[in-house]
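The next block holds one structure in the form of structure tokens; read it before the comments.
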2 protein chains.
Amino acid sequence: MISKKTKYGLLALLALARKYGAGPVQIGDLAEQEGIPKKFLELILLHLKNAGILGSRKGKGGGYFLAKDPAQITMGSAVRVLDGTLAPVPCVSETAYQKCTECDDEESCGIRLVMKDVRDAVANILDNTSVKEVLVRSSDAAKKAKKVIDYSI
Amino acid sequence: MISKKTKYGLLALLALARKYGAGPVQIGDLAEQEGIPKKFLELILLHLKNAGILGSRKGKGGGYFLAKDPAQITMGSAVRVLDGTLAPVPCVSETAYQKCTECDDEESCGIRLVMKDVRDAVANILDNTSVKEVLVRSSDAAKKAKKVIDYSI
DNA sequence: AAGCATGTCTATCGATTTGATAGACTAATA
DNA sequence: TATTAGTCTATCAAATCGATAGACATGCTT
């Protein structure tokens, strides 16, 4: 299960994606709009910036912005930065691999074999879903709901 | 990422599956064979028993055993019992659903839409993988490795 | 150069969870 | 009745989570 930090990070990322091209967004504004504690969000945004997903500008007119086009930022990359890995167990992580301390033979470990399938499936989804696509899906879902409401009247 | 408790639980489950039909296995023996702290394993096995995945017998000749055939126990059911849910976020859980406190509109939440795909993919794998299959894959992988070794000599 | 705006650094903290450990108790067998 | 072995219900230390805080640094404006 993803942590609140990751959830907040994804919320902020998507919010910044919605405003892509509109200049730096202040931390305080983002925090207020998304209902995230400001000081906590500072840490999260800095983490994303240090990972190259966001950029920032200090001083007047400063704030945070996407470092790349939303179509070029995947959910997988963001989740890896925020949560550390997509893998359900360390021994199938491709980016944060760690051998199990109590494992004699990795190659035949049944749990590892299954969890590798899980990791692959999760990565297949998240690494092939851009931040832009998420916005489009969200927007489409909102329109769909609106049409249902209009139709009901 | 799955917890050590879940990892230990799966290890124990698979170990019991290997001995399926051979009578109750004592907690102490399982703990020693799998390198799991005994008292911790007691809690884990009890949890699995209460969930109907394992059975137990007290007293002389007592111990734990599978409550069903290994082919009828899925990895998904075990992970749900041990970790609580397969879902990456509570709002897409089918067995432990919880609405996000800060979410205005679930239907159009982009994170939720993506995480639902992730949950479905994970469930698709784990719910369609029996404990028996895991043993077979593990065994096959071990034989394969052995053949490679034999061939190398 | 100073003031203001806003990000950055580096702590610290309380609550919660994790990963245990322990001993008394209960049930089953011999 | 004694022994075996699971069950109950605590308790605990360490780690992590989810924050909060104030000093500092950078950049813009005047």
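The basis for the numbers below is simple: all heavy atoms, side chains too, and nothing from hydrogens, waters or symmetry mates. So that the names make sense, note that chain A is the first sequence line, chain B the second, and so on, each numbered from 1.
Residues of residues 43-54 of chain A having a heavy atom closer than 4.0 Å to DNA chain C, listed by number: A:L43, A:L46, A:K49. Within residues 18-38 of chain B, the residues that have a heavy atom under 4.0 Å from DNA chain C are, in order of number, B:P37.
When distances are taken from the side chain of A:E42 to each of C:dC9, D:dA19, C:dG19, the shortest belongs to C:dC9.
In this structure, B:K4 atom NZ and C:dT17 atom C1' are separated by 15 Å, rounded to whole Å. Per the geometry, CG belonging to B:L41 stands 16 Å off P belonging to D:dC8, to the nearest Å. A straight line from NZ of B:K7 to C1' of C:dT18 spans 16 Å, rounded to a whole angstrom. Following rounding to the nearest Å, A:F40 (CZ) and C:dG14 (C1') show an atom-to-atom distance of 14 Å.
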Taking only nitrogen or oxygen atoms into account, show me every contact under 3.5 Å that the protein makes with nucleotides 26-30 of chain C, one pair per line with its distance.
unit_1: C:dA27; atom_1: O4'; unit_2: B:K58; atom_2: NZ; d: 3.1

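Judged by atom type and distance alone, B:K39 reaches the base of C:dG23 through a side-chain donor-acceptor pair under 3.5 Å.
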Residues 7-24 of chain B, side-chain donor-acceptor partners within the protein, below 3.5 Å, at least two apart:
unit_1: B:K7; atom_1: NZ; unit_2: A:E102; atom_2: OE2; d: 3.4
unit_1: B:K19; atom_1: NZ; unit_2: B:Q33; atom_2: OE1; d: 2.9

List the atom pairs, donor and acceptor, that lie under 3.5 Å between side-chain atoms in residues 65-76 of chain A and the rest of the protein, sequence neighbours left out.
unit_1: A:D69; atom_1: OD1; unit_2: A:A71; atom_2: N; d: 2.9
unit_1: A:T74; atom_1: OG1; unit_2: A:S77; atom_2: N; d: 3.0
unit_1: A:T74; atom_1: OG1; unit_2: A:S77; atom_2: OG; d: 3.3

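Between B:S56 and B:K49 there is a side-chain heavy-atom pair separated by less than 4.5 Å. Looking at A:L48 and A:L82, their side chains come closer than 4.5 Å, going by heavy atoms from C-beta outward.
Applying the salt bridge (charged side-chain N to carboxylate O under 4.0 Å, His left out) rule to pairs touching residues 115-130 of chain B yields A:R137-B:D117, B:R80-B:D127, B:E94-B:R119, B:K116-B:D120, sequence neighbours excluded. Listed by first and then second residue, the ring-ring contact (aromatic ring centres under 6.0 Å, His included) pairs involving residues 70-107 of chain B amount to none (not counting sequence neighbours).
Residues satisfying the salt bridge (Lys or Arg N to Asp or Glu O under 4.0 Å) criterion with B:E42, sequence neighbours excluded, are B:K38, B:K39. With sequence neighbours left out, the salt bridge (Lys or Arg N to Asp or Glu O under 4.0 Å) criterion links A:K144 to no other residue. Partners of B:K143 by salt bridge (Lys or Arg N to Asp or Glu O under 4.0 Å), not counting sequence neighbours: none found. In this structure, A:S139 has no side chain to side chain donor-acceptor pair (under 3.5 Å) partners at least two apart in sequence or on a different chain. For B:E106, the salt bridge (Lys or Arg N to Asp or Glu O under 4.0 Å) partners at least two apart in sequence or on another chain are B:R112.
A sub-4.0 Å separation between OP1 or OP2 of C:dG19 and a side-chain N or O of B:Y8 is absent.
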